[in-house]
Asks: 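Take this structure first; my questions come after.
Lettering follows sequence order; numbering is per chain, from 1. These figures come from a predicted structure and were not determined experimentally.
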2 protein chains.
Amino acid sequence: MLILAIAKMSQQTTAGEETGETGEVEEADAACCSTGVAIDEASVAADVRLLSALGNDTRYEALRLVAEAGDDGVCVCEVQPALGVSQGAVSQALSRLHGAGLVDRRKEGRWRYYSATPVATRLLDTLDEVRGATDE
Amino acid sequence: MLILAIAKMSQQTTAGEETGETGEVEEADAACCSTGVAIDEASVAADVRLLSALGNDTRYEALRLVAEAGDDGVCVCEVQPALGVSQGAVSQALSRLHGAGLVDRRKEGRWRYYSATPVATRLLDTLDEVRGATDE
DNA sequence: CGCTAATATTAGCATCTGCTGATATAGCTG
DNA sequence: CAGCTATATCAGCAGATGCTAATATTAGCG
């Protein structure tokens, strides 16, 4: 993928922005990127998977509900009426969140409980913070 | 929307989870939710808009590139070859990011520069942190 | 002014997504 | 065991998405 190349181009870009030209980027000057922001393909995929899992009302709301429940988690049987969509849609939503590492799940007899992972908690906190800062 | 109702049900749920029944949730006990996690419909919409804007490779990578460039931002003319998609796709991607409040834009003659907003910076930092914690 | 360059916008298409309803699977009870 | 409940999975459909190519708009130059 392009990301490693992007990181290199970015460094060049900052210096060359006055020219307004796309400029030929030489492969020299590889001794840059000490910012630790260079990001590899797998990380991109992981981030996009996480973000896209949350970029949907039903799934976002499901996660909010799960996160609200705390460490004990919440039973699917309670998520479903709260979300107001079909049982199948709820199950798929929770499965997608689980696949993205945002919820953990456990069985208790017939019942299935979902709880938020630290990743999810952290991300929701950040969203709350940036929204709060933006609402000023 | 359902969210306010969700917040109330969650409180009840924690107490009633042993019953395994969906239980009739009374409207009483409204004196809860001191955690500040109750979230309104507009906030959900805002968060989902932000998250879905980023839940796509092209747009995520565009934002990464913009964020790398620092306060001066990056010229579209440099983003396009870096992303390796059509000029139109780049423009749409940046427009979507702007609409989600993740990038600011300015004109300099023929050139258009995009820079990351604090919201974007913060979110990307969090993603890096949780990914870093997860990769252990 | 005409022309070129940069880039936003539009139209259209293939593919993807999210939902519903149906079905499959697992657990519990008498 | 049969019957019921909880919930995961599947199939299908309508609508959304993301891309390309084309076009429109803006900026700069001789």
Side-chain angles (χ1 to χ4, degrees), chain A residues 2 13 16-23 44-45 48-49 51-63 65-66 73-100 103-115, chain B residues 2 13 16-23 44-45 48-49 51-63 65-66 73-100 103-115:
Chain A
L2 299 172
T13 300
E17 73 182 46
E18 279 213 9
T19 66
E21 295 177 359
T22 56
V44 171
V48 171
R49 184 167 68 159
L51 293 160
S52 57
L54 273 183
N56 161 269
D57 281 330
T58 301
R59 293 197 295 275
Y60 177 88
E61 288 169 19
L63 183 61
L65 187 54
V66 169
V74 64
C75 173
V76 177
C77 60
E78 285 160 321
V79 176
Q80 198 261 332
L83 290 187
V85 291
S86 71
Q87 180 268 318
V90 170
S91 205
Q92 287 180 21
L94 291 171
S95 184
R96 175 76 179 270
L97 292 174
H98 182 248
V103 293
D104 289 323
R105 59 190 176 188
R106 71 177 193 274
K107 300 181 185 181
E108 278 184 30
R110 301 179 181 188
W111 288 281
R112 305 291 181 269
Y113 288 83
Y114 284 79
S115 52
Chain B
L2 300 172
T13 301
E17 73 182 41
E18 280 212 9
T19 66
E21 296 179 357
T22 55
V44 171
V48 171
R49 183 166 68 160
L51 293 160
S52 58
L54 273 183
N56 162 268
D57 282 331
T58 301
R59 293 195 296 273
Y60 177 88
E61 288 169 20
L63 183 60
L65 187 55
V66 170
V74 64
C75 172
V76 177
C77 61
E78 286 161 319
V79 176
Q80 199 262 329
L83 290 187
V85 291
S86 71
Q87 178 269 318
V90 169
S91 206
Q92 288 180 20
L94 291 171
S95 184
R96 176 77 180 269
L97 292 175
H98 182 248
V103 291
D104 289 323
R105 60 192 177 188
R106 70 177 193 273
K107 299 180 183 180
E108 279 185 29
R110 304 180 180 188
W111 290 280
R112 305 291 181 268
Y113 288 83
Y114 284 79
S115 50

Asks: Check whether any side-chain heavy atom of Y60(B) sits under 4.5 Å from a side-chain heavy atom of V44(A), and report yes or no.
Replies: yes
Asks: What is the distance, to the nearest angstrom, from the CG atom on L83(B) to the C1' atom on dC19(D)?
Replies: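 Value for this atom pair: 13 Å.
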Asks: When the distance from CZ of R96(A) to P of dT17(C) is rounded to whole Å, what number comes out?
Replies: 7 Å
Asks: Roughly how far, to the nearest 0.5 Å, is the CG atom of L83(B) from the CD atom of E78(B)?
Replies: 12.0 Å
Asks: For nucleotides 22-30 of chain D, read 5' to 3', which letter fits each nucleotide if B means a protein heavy atom sits under 4.0 Å from the base, S means only the sugar-phosphate is that close, and - means neither?
Replies: -----BB--
Asks: Categorize R105(B) for me: base, sugar-phosphate, or nothing, with a 4.0 angstrom heavy-atom threshold over every strand shown.
Replies: nothing
Asks: Starting at atom CG of L54(A), determine the distance to atom C1' of dG18(C), rounded to an integer number of angstrom.
Replies: 15 Å
Asks: Tell me, do D104(A) and Y114(A) make a side-chain contact under 4.5 Å, heavy atoms counted?
Replies: no
Asks: Quick one: are T58(B) and V90(B) in side-chain contact, heavy atoms under 4.5 Å?
Replies: no
Asks: What is the distance from CD of Q80(A) to C1' of dA8(D), rounded to the nearest Å?
Replies: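 So the CD-C1' distance, Q80(A) to dA8(D), works out to 13 Å.
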Asks: Could you check if a side-chain atom of S52(B) sits within less than 4.5 angstrom of a side-chain atom of R96(B), using non-hydrogen atoms only?
Replies: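 When only atoms from C-beta onward are counted, R96(B) and S52(B) do touch, with a gap below 4.5 Å.
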Asks: Output the rounded distance in Å from CG (L97(A)) to P (dA8(D)).
Replies: 12 Å
Asks: Does V48(B) reach the side chain of L54(A), with side-chain heavy atoms less than 4.5 Å apart?
Replies: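 SC-SC contact between V48(B) and L54(A) ruled out.
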Asks: Quick one: are V66(B) and L97(B) in side-chain contact, heavy atoms under 4.5 Å?
Replies: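 In short, these two side chains do not touch, never coming nearer than 4.5 Å.
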Asks: Pull out every protein N or O sitting under 3.5 Å from an N or O of nucleotides 14-16 of chain D, one pair per line with the distance.
Replies:
none

Asks: Between atom CZ in R59(A) and atom P in dC19(C), what is the gap in whole Å?
Replies: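 Between P of dC19(C) and CZ of R59(A): 7 Å.
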Asks: Nearest 0.5 Å please: distance from the CG atom of L63(A) over to the CG atom of N56(A).
Replies: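 Between L63(A) CG and N56(A) CG, I get 11.5 Å after rounding to 0.5 Å.
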Asks: Have a look at the helix from dC1(C)-dG30(D) to dG30(C)-dC1(D) and give the angle its two end axes make, five pairs each, rounded to 10 degrees.
Replies: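 Here the local axes at opposite ends form an angle of 20°.
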Asks: Would you check if R105(A) and Y113(A) make a side-chain contact, meaning some heavy-atom pair closer than 4.5 Å?
Replies: no
Asks: Would you state whether a donor and an acceptor, one from the side chain of Q92(B) and one from the base of dT17(D), lie under 3.5 Å apart?
Replies: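 Not at all, since no donor on one side and acceptor on the other fall under 3.5 Å apart.
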Asks: Can you check the H98(A) NE2 to dT7(D) P distance for me, whole Å?
Replies: 16 Å
Asks: Rounding to an integer number of Å, can you tell me how far E78(A) CD sits from dA6(D) P?
Replies: 11 Å
Asks: Does E61(A) reach the side chain of R59(A), with side-chain heavy atoms less than 4.5 Å apart?
Replies: no
Asks: Hey, could you give me the CZ/SG distance between R110(B) and C75(B), rounded to the nearest 0.5 Å?
Replies: 11.5 Å
Asks: According to a strict under-4.0 Å criterion, is T58(B) in side-chain N/O contact with OP1 or OP2 of dC19(D)?
Replies: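 Yes.
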